[in-house]
Participant: 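Please read through the structure below; I'll follow up with questions.
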Amino acid sequence: MDTTPMQIIFSFLGGLGIFLYGIKSMGDGLQAAAGDRLREILNRMTATPIRGILAGMIVTILIQSSSGTTVITIGLVSAGFMTLRQAIGVIMGANIGTTVTAFIIGLDIGEYALPVLAVGSFLLFFFNKTSINNLGRILFGFGALFFGLELMGDGVKPLADLEAFRNLMLEMSDNSFLGLGVGVILTVIVQSSSATIAILQNFYLNDLIDLKAALPILLGDNIGTTITAVLAALVGSLAAKRAAAVHVIFNVLGAIIFMILMPLFVIYVDFLQSALNLNKPMTIAFAHGSYNTINTLIQLPFIGVLAWIVTKIVPGKDLVEDYKPNFLDPILLRQSPQLATQSAQSEVKNLGLIISDTFKDLFKYVENPTDKRHRKIIEKVQLVDNVQDSIRKYLMDILELQNQRNIDSENIAALLEVTRIYTNTAKFIEDFANEYKMKEEDRVKISDAAFEGLETMMKHVKRSLDMTVDSIDIYNPSGLERIIQLSNQSNKIEHKLRQDHVSRLNDGTCSPESGAVYSELIALLERIGYNSRNISETILYSTRHELPEEFTIYD
């Protein structure tokens, strides 16, 4: 019985869909089993380019997606947890790590696909333990991956009888650039280089394509996979755009090098196939692994050059550079912990400046809400996490020396607490920005009187935040009582605004919907103001000043 074109299409697309779901399920299961260690691996294992490559490989193998690793990396760069040079190493490692999927496919265990899938389903549905569920997701994904491949293989076999398809394959054998373009387009459409490599392995297995045509498609797949990172970086920071640009440049340069050396590459892969007695899917896997490994080794010495190139292609000064930690000198830790504590205090002030500047941006956003201003606020809040993390580690390193030397642990504890409060403040600012953004998207209007009250409260809180930054000094506190007084005034202002708001609700000036938003906004402002007071009281306590009984620390 002849297979109709519709059956070919349905079998191929159905198999592709099951394959993609299998890849996702397996990656999700591995990622869930690894927990938060994925981000930790990328955050910690990037001190050198080699370690960055290893980190990129490990994470990509765990989540089964080089694009996913690159997107996580872009997020860490945006937040300031990783430099551009570190990100380049991770991106290189991700390209090597993604080849593992092709090797798995090359094992040719498709006949066991359904039993493995069944075992995975059994573990998913009949066990409640998280670890067993995660194993079930991994096995289910593994089985679905091979079952999808079998369906794709059955779907593509009849293509050998189509003259137009044979002519296209012959043309790609003669024109490497055509194959490169096909690989790019196919990966952009499917959004998974693993899937397009799997398709290529199936075509080669069924003798629908020869090695000379297959290898340029493989190179195109690696270029096409960069589209995910590019899309992720479009709304990201300058650093994120640069990281995405590196991903594109790295893969394009690799493709150019190997297109020039294509005759040698074909000979090399043909030799591997004969020498190692590889099956056809495994041959493509070795070609894919060899390409990404050799490309990484070629470009590894030029990481600094790649970083320089992208700073020229994507010019500008990044927020990470403006607000990166400048005072945490590791040499002072051993030489003079007392001076190191003073340096940490300077960095805490730097953190306060970020908070103060972010609140100024929030003020501008309220006056003229734009997506660009909202993104800038979110980027700065992310930077707070980075700076806070650096300060906390530095202070903890000082505390570790307290058994060896005479260190004032109470002052260090005060700085740790101030850092924590500043981090909470940043979260409240982010919550305010997101709440206001939702108000704009939902077209919720607040009355002129309510808006005027909101601006009054914001000006008062801004003054308090600015004064707090100027007054941070655990050795010589001054002006802190004034900040506590401003906090009390903020409380009174908030009560007055709420009373006015109730009046407006009663006379119909404000709608209940806008009233709910307004109440949440002024509550967030009050919490930000209280945090200024918390910082002042923390420093006063550390210097043994006694506070009146009515002063309590708010969280």
Participant: Please give me the minimum heavy-atom distance between Y204 and Q273, naming the atom from each residue.
Facilitator: OH-OE1, 3.3 Å

Participant: Using the rule given for side-chain contact (heavy atoms from CB on, under 4.5 Å), can you reason through F147 versus L114, listing the C-alpha separation, both sets of side-chain angles and the distance that settles it, and then say yes or no?
Facilitator: CA-CA 7 Å; F147 183 59; L114 290 176; 3.7 Å; yes

Participant: Show your working on side-chain contact (heavy atoms from CB on, under 4.5 Å) between I378 and E430 and close with a plain yes or no.
Facilitator: CA-CA 6 Å; I378 302 305; E430 181 181 26; 3.6 Å; yes

Participant: Give the C-alpha distance, both sets of side-chain angles, the deciding distance and a yes or no for side-chain contact (heavy atoms from CB on, under 4.5 Å) between T60 and V100.
Facilitator: CA-CA 9 Å; T60 303; V100 170; over 6 Å; no

Participant: Between A255 and I223, which heavy-atom pair has the shortest distance, and what is it?
Facilitator: CB-CD1, 3.6 Å

Participant: With side chains defined as the heavy atoms from C-beta onward, is the minimum distance between V387 and Y422 less than 4.5 Å?
Facilitator: no

Participant: What is the minimum heavy-atom distance between I303 and I88, and which atoms define it?
Facilitator: O-CD1, 3.6 Å

Participant: Can you check whether R137 reaches L124 side chain to side chain, under 4.5 Å on heavy atoms?
Facilitator: yes

Participant: Run through I185, V184, D221, L218 and flag the one making a side-chain contact (heavy atoms from CB on, under 4.5 Å) with T196.
Facilitator: D221

Participant: Hey, does L300 have a side-chain heavy atom less than 4.5 Å from the side chain of I50?
Facilitator: yes

Participant: Within this structure, what is the CD1-OG1 distance for the pair I96 and T293, rounded to the nearest 0.5 Å?
Facilitator: 4.5 Å

Participant: Would you call the rings of F265 and Y291 parallel, tilted or perpendicular, taking 30° and 60° as the class edges?
Facilitator: tilted

Participant: Parallel, tilted or perpendicular: which describes the rings of F127 and F122, with under 30° parallel and over 60° perpendicular?
Facilitator: perpendicular

Participant: Within the side chain of R242, is there an N or O that forms a donor-acceptor pair under 3.5 Å with the backbone of V314?
Facilitator: yes

Participant: In Å and rounded to the nearest 0.5 Å, what is the CG to CD distance from N434 to E441?
Facilitator: 9.5 Å

Participant: Could you report the tightest heavy-atom contact between R85 and G304, atom names first, then the distance?
Facilitator: NH1-CA, 3.2 Å

Participant: When rounded to the nearest 0.5 angstrom, what distance separates CD in Q388 from CD1 in I355?
Facilitator: 10.0 Å

Participant: Nearest 0.5 Å, what's the CZ-CD1 distance between F258 and I294?
Facilitator: 4.5 Å

Participant: Checking H374 against Y436 for the side-chain contact (heavy atoms from CB on, under 4.5 Å) test, could you report, in this order, the C-alpha distance in whole Å, the side-chain angles of both residues, the deciding distance, and whether it holds?
Facilitator: CA-CA 10 Å; H374 181 266; Y436 204 86; over 6 Å; no

Participant: Any side-chain heavy-atom pair from V384 and T425 closer than 4.5 angstrom?
Facilitator: no

Participant: Does the distance from a Lys or Arg side-chain N to an Asp or Glu carboxylate O, for K393 and D397, drop under 4.0 Å?
Facilitator: no

Participant: Any side-chain heavy atom of L219 within less than 4.5 Å of one from M262?
Facilitator: yes

Participant: Answer yes or no: is there a side-chain heavy-atom contact under 4.5 Å between T98 and T225?
Facilitator: no

Participant: Compare every heavy atom of T99 with every heavy atom of G289, then report the nearest pair and how far apart it is.
Facilitator: CA-CG2, 3.7 Å

Participant: How long is the gap from CG on N134 to CG on L139, to the nearest 0.5 Å?
Facilitator: 11.0 Å

Participant: I need the single residue from N295, T296, N251 that forms a side-chain hydrogen bond (donor to acceptor under 3.5 Å, both in side chains) with N95. Which is it?
Facilitator: N251

Participant: Taking the side chain as everything from C-beta on, heavy atoms only, tell me whether L272 gets closer than 4.5 Å to T283.
Facilitator: no

Participant: Checking S290 against Y268: is there a side-chain donor and acceptor pair closer than 3.5 Å?
Facilitator: yes

Participant: When you measure from the side chain of Q201 to the backbone of I284, do you find a donor-acceptor pair of N or O atoms at a distance under 3.5 Å?
Facilitator: no

Participant: For D371, look at atom CG and say whether over 12 heavy atoms of other residues, nucleotides or ligands are found less than 6.0 Å away.
Facilitator: no

Participant: Return the CD1 to CD1 distance between I429 and I354, rounded to the nearest 0.5 Å.
Facilitator: 11.0 Å

Participant: Can you find a pair of side-chain heavy atoms, one from Y365 and one from K437, that are under 4.5 Å apart?
Facilitator: yes

Participant: Work out which heavy atom in A245 is nearest to a heavy atom in V310; give both atom names and the distance.
Facilitator: CB-CG1, 3.9 Å

